[in-house]
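Quick note on labels: first sequence line is chain A, next is B, and so on, each numbered from 1. Note that this is a predicted model, so its numbers are computed, not measured.
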Amino acid sequence: MSEKETSLPSKYNPQDVEKGRYQFWLKGKFFEATGNPNKEPFTIVIPPPNVTGRLHLGHAWDTTMQDTVARMKRMQGYDVLWLPGMDHAGIATQAVVEAKLKEEGKNRYDLGREKFLEKVWEWKEEYATFIRSQWEKLGLGLDYTRERFTMDDGLSEAVREVFVRLYEKGLIYRGEYIINWDPQTKTALSDIEVIYEEVQGKFYHMHYPIKDSDVTIDIATTRPETMLGDTAVAVHPDDERYKHLIGKKVILPIVGREIEIIADDYVDQEFGSGAVKITPAHDPNDFEIGNRHNLERVLVMNEDGTMNKNAGKYEGLDRFECRKQIVKDLQDEGVLFHIEDHVHQVGHSERSGAVVEPYLSTQWFVNMQPLADRAIELQKDEDKKVNFVPERFEQTYMHWMENIRDWCISRQLWWGHRIPAWYHKETQEVYVGREAPEDIENWEQDEDVLDTWFSSALWPFSTMGWPDEEAEDFKRYFPTDVLVTGYDIIFFWVARMIFQSKEFTGQRPFKDVLIHGLIRDAEGRKMSKSLGNGVDPMDVIDKYGADSLRFFLLTGSTPGQDLRFHWERVESTWNFANKVWNASRFALMNMDGFTYEDIDLSGDLLLADKWILTRLNETIKMVTYNTNKYEFGEAGRYLYNFIWDELCDWYIEMAKLPLYGDNEEKKKTTRSVLAYVFDQTMRMLHPFMPFITEEIWQKLPHEGVSITVAQWPEVREEFHDEQAAKEMERLVSIIKSVRNIRAEVDTPMSKEITLLIQAKNDEIVEELTNERAYLERFCNPSELVIATEMDVPEKAMSAVVTGAEIFLPLEGLIDFDKEIERLEKELEKWTKEVDRVQKKLANKGFVTKAPKKIVEEEKRKEKDYLEKQANVRERLQELKG
RNA sequence: GAUUCCGUAGCUCAGCUGGGAGAGCGCCACCUUGACAGGGUGGAGGUCGUUGGUUCGAGCCCAAUCGGAAUCACCA
């Protein structure tokens with residue numbers, strides 16, 4: 001083994017530790033899937049971030065969880081493929097590039113389609129580089145040899161393949177329907193891209209005059225400007241109030257158009273006046289009614305939300321300006337007779353925030369029902385279904401699938417996968433195909449592109465070479481093992497991946513899907529640009545290091561819950577990292593020249609050694625178990641407690657005894673245990689804090705080139721020592737009691753005291769005598785007596801532990817009244833415990849029905865408590881007497 | 001209207017498919033012990049929202065109820 005630097009600076013500095021480490025990993029190709037046939041594959045595909053900008057804390061959280069799983073699996077010997085990539089994010093990306101153009105006083109039409117797309121590609125390259133550098137800072141073990149982009153050739157081929165196949169099966173169709181129109185970005189949206197918000201609006205009540213009569217019919221609306229497109233008034237067929245009017249004509253005010261009063265079951269007699277204006281071109285329900293009654297569809301708006309020529313004198317006005325005008329005019333004409341406040345839900349575009357307009361338009365749709373049915377069916381097979389973690393999200397998913405609506409997939413954008421449909425210039429014939437038609441000069445391709453999510457839905461298999469089903473990666477790494485994402489995109493993405501995967505590969509896209517929540521600010525608000533409360537993960541890393549950020553994210557919440565960001569909590573994880581650092585520093589300081597080959601655990605182990613190895617076993621068990629269940633918080637807590645409380649506070653303190661002593665044999669054993677425990681601990685901590693653990697591990701006696709490919713710790717039964725655990729417990733109780741009494745009488749550790757330990761039997765005397773050195777180190781006695789029988793001085797403080805009583809003769813320091821008071825409290829405590837246990841044991845139901853193990857445990861406790869109670873009582877009587 | 005989540009120490013949250021209430025931060029007292037003063041030791045602080053039920057036993061299961069949040073669907 002070559003000579004190496006074994007010392008560490010006294011302060012943990014994440015910048016120094018993390019610098020260059022990622023390059024070392026990449027150079028070693030530790031993150032590249034090997035394809036090794038002797039290893040079992042384990043696959044994760046990254047949820048591709050949008051190429052619109054910086055990664056936020058949500059990405060950091062999401063990817064850290066994936067990295068943690070991937071790193072553990074890699075160490076466990078799997079051939080791990082964690083595939084990186086990015087999403088072209090149609091609307092979002094086009095919007096930012098257009099915004100940039102606007103700054104230059106241009107728009108996309110000035111450039112033209114081709115030039116504009118060149119600009120977007122430039123933007124994409126810039127941000128892809130930026131995103132990769134952020135992944136690097138987070139320490140993500142990604143296989144860059146397989147990085148993908150949703151608009152790569154291969155992925156685009158997959159998109160066309162899926163489109164064509166669905167079209168050929170009749171599952172994709174084109175038609176004129178009411179869709180959600182965003183007048184700002186001038187594109188159609190799918191239903192889930194519309195966010196409904198409660199808005200304080202108005203409810204306008206109007207009289208529509210009935211032709212050839214002096215009566216009117218009252219109707220109400222929240223969007224009075226749409227009345228320009230009314231082509232009927234509908235009432236319920238059974239409504240006694242209106243039955244006689246059915247078939248009569250109404251003169252549409254302002255417009256003067258004659259429209260019919262029709263009867264339709266859809267109308268709710270109870271709501272409003274029971275009569276509804278019907279605008280088939282601007283309302284989905286009215287559209288349906290219009291179809292049933294063969295009504296004319298009158299579109300009154302342009303694509304940008306201004307009124308068109310059908311609006312007559314209102315032509316050119318913005319829809320909201322038109323509303324104001326028309327309200328005024330209707331009032332003047334006496335048609336509009338009442339306006340009331342009305343709170344209702346108004347749809348807004350997820351991307352632009354604009355009020356969405358229900359709008360008649362020709363678009364492409366996916367006929368969802370058959371696909372959804374198959375996805376629902378999939379969940380019925382326990383071995384083939386997608387396992388949601390936490391389980392409850394499966395219900396959310398299923399509910400959506402069971403109430404599925406057709407998916408509008410065309411978008412009036414330029415950035416994205418252009419729809420593979422061509423229209424014959426003369427015959428208007430439609431051609432859908434993987435390639436353009438041969439006599440291309442006679443055809444025109446559809447101008448529109450596909451919804452971004454159409455390509456993301458194929459991500460788990462399009463990235464692996466599909467539609468080539470013989471592609472090696474596809475055969476080996478698909479289906480993937482786990483997908484990690486937030487609950488906010490279950491519908492957008494998770495659900496769509498599942499039905500597309502089922503349809504095209506016949507399989508689930510991933511075995512597990514781990515759903516996490518949202519990151520919020522310290523007050524619990526969503527982080528958003530408008531609030532300006534966002535925290536840049538790179539700022540956190542600059543301040544506290546990636547390891548601290550990661551550990552905070554992993555341990556900050558439980559699966560499915562939201563996570564609040566608190567700087568103080570990141571700081572406290574930094575403290576933990578610093579603790580790990582300094583404990584390792586101590587270990588290294590005592591390991592000069594010690595090599596991995598020198599580790600020898602076969603010698604005589606001291607109590608502390610046996611105990612820490614037992615605790616290590618337990619920790620390995622719990623960390624592995626919980627990480628496998630994606631319970632990173634629990635796993636992290638086991639690591640934290642083991643390292644801080646057991647390893648640092650007890651083991652290291654106890655190890656100082658042999659390390660600072662002159663028994664070379666014992667020193668070597670302790671060094672072995674230290675080296676072994678630190679090695680194993682660093683490995684376990686590595687998926688959580690990759691940088692610091694690699695740094696320390698490299699300096700520890702170790703074997704292998706990188707901790708990233710070191711073997712994951714295994715429980716070693718030969719190290720499990722129940723007896724040592726018990727003895728350690730007694731020892732710790734004694735030490736803590738002494739500390740307590742010292743605190744009570746204000747006697748710091750530096751002052752020596754006399755310590756008398758009266759053990760219950762000879763075995764315990766022997767046991768404690770063996771551990772005498774520890775007692776001396778931790779209690780600092782001038783005199784230490786351990787015996788079964790002894791003259792107990794009257795003037796002494798005392799305490800009881802299991803199997804022994806301790807006395808500290810502290811003449812002059814003791815306030816006897818206070819000591820009696822303290823012991824009485826103690827007695828009360830044990831009496832209470834005894835009562836509780838005895839009551840439990842006297843309960844026949846408990847003894848007969850509770851598991852044996854529990855009953856035995858209670859019996860053992862009863863014995864222990866009775867003994868302690870008796871000892872305290874006796875002592876109290878002595879003092880009083 | 002349907003569904004879901006949350007309510008536990010001053011604050012932020014854990015609590016492992018029911019078996020004696022935990023952590024971090026904050027607070028109080030003490031400690032310059034040779035890895036760490038961003039440390040150590042000791043301590044205070046909780047009717048586990050409320051009420052019922054199931055059970056030998058409930059923070060955990062069931063029902064109801066109060067309060068907070070989210071998602072979906074909505075009547076013009």
task: With A/Lys579 as the cation and A/Tyr640 as the aromatic partner, state whether NZ or CZ is under 6.0 Å from the six-membered ring centre and within 45° of the axis.
output: no
message: Need the pair for B/A14. Rule: Watson-Crick or G-U wobble, both distances under 3.5 Å, any strand; none if unpaired.
response: none
message: Rounded to whole Å, please give me the gap between NZ in A/Lys656 and C1' in B/U33.
response: 8 Å
- request: Could you tell me whether A/Lys736 contacts a base, only the sugar-phosphate backbone, or nothing, with contacts defined as non-hydrogen atoms closer than 4.0 Å?
  value: sugar-phosphate
query: Say you pick atom C1' in B/A35 and the same atom in B/A21; how far apart are they, in whole Å?
result: 34 Å
- request: For A/Thr396, answer base if it contacts any base atom (sugar-phosphate contacts may also be present), sugar-phosphate if it contacts only those atoms, and nothing otherwise; contact means non-hydrogen atoms under 4.0 Å.
  value: nothing
Watson-Crick/G-U partner (both atom distances under 3.5 Å) of B/A58: none
- prompt: Taking N and O atoms by type only, does the side chain of A/Glu653 place a donor or acceptor under 3.5 Å from a partner on the base of B/A35?
  reply: yes
- request: Describe the nucleic acid contact of A/Asp283 in one word from base, sugar-phosphate, nothing, applying a heavy-atom distance below 4.0 Å.
  value: nothing
query: What nucleic acid atoms does A/Arg777 come within less than 4.0 Å of, heavy atoms only: base, sugar-phosphate, or nothing?
result: nothing
- prompt: What closest approach, in Å, do A/Ala583 and A/Cys648 show between heavy atoms, and which atom pair accounts for it?
  reply: CB-SG, 3.6 Å
- prompt: Below 6.0 angstrom between ring centroids: does that apply to A/Trp697 and A/Phe678?
  reply: no
task: Return the value, rounded to whole Å, for the distance between atom CD of A/Glu402 and atom C1' of B/U3.
output: 12 Å
query: Has A/Phe271 got its ring stacked on the base of B/A76, with centres under 5.5 Å and planes less than 30° apart?
result: no
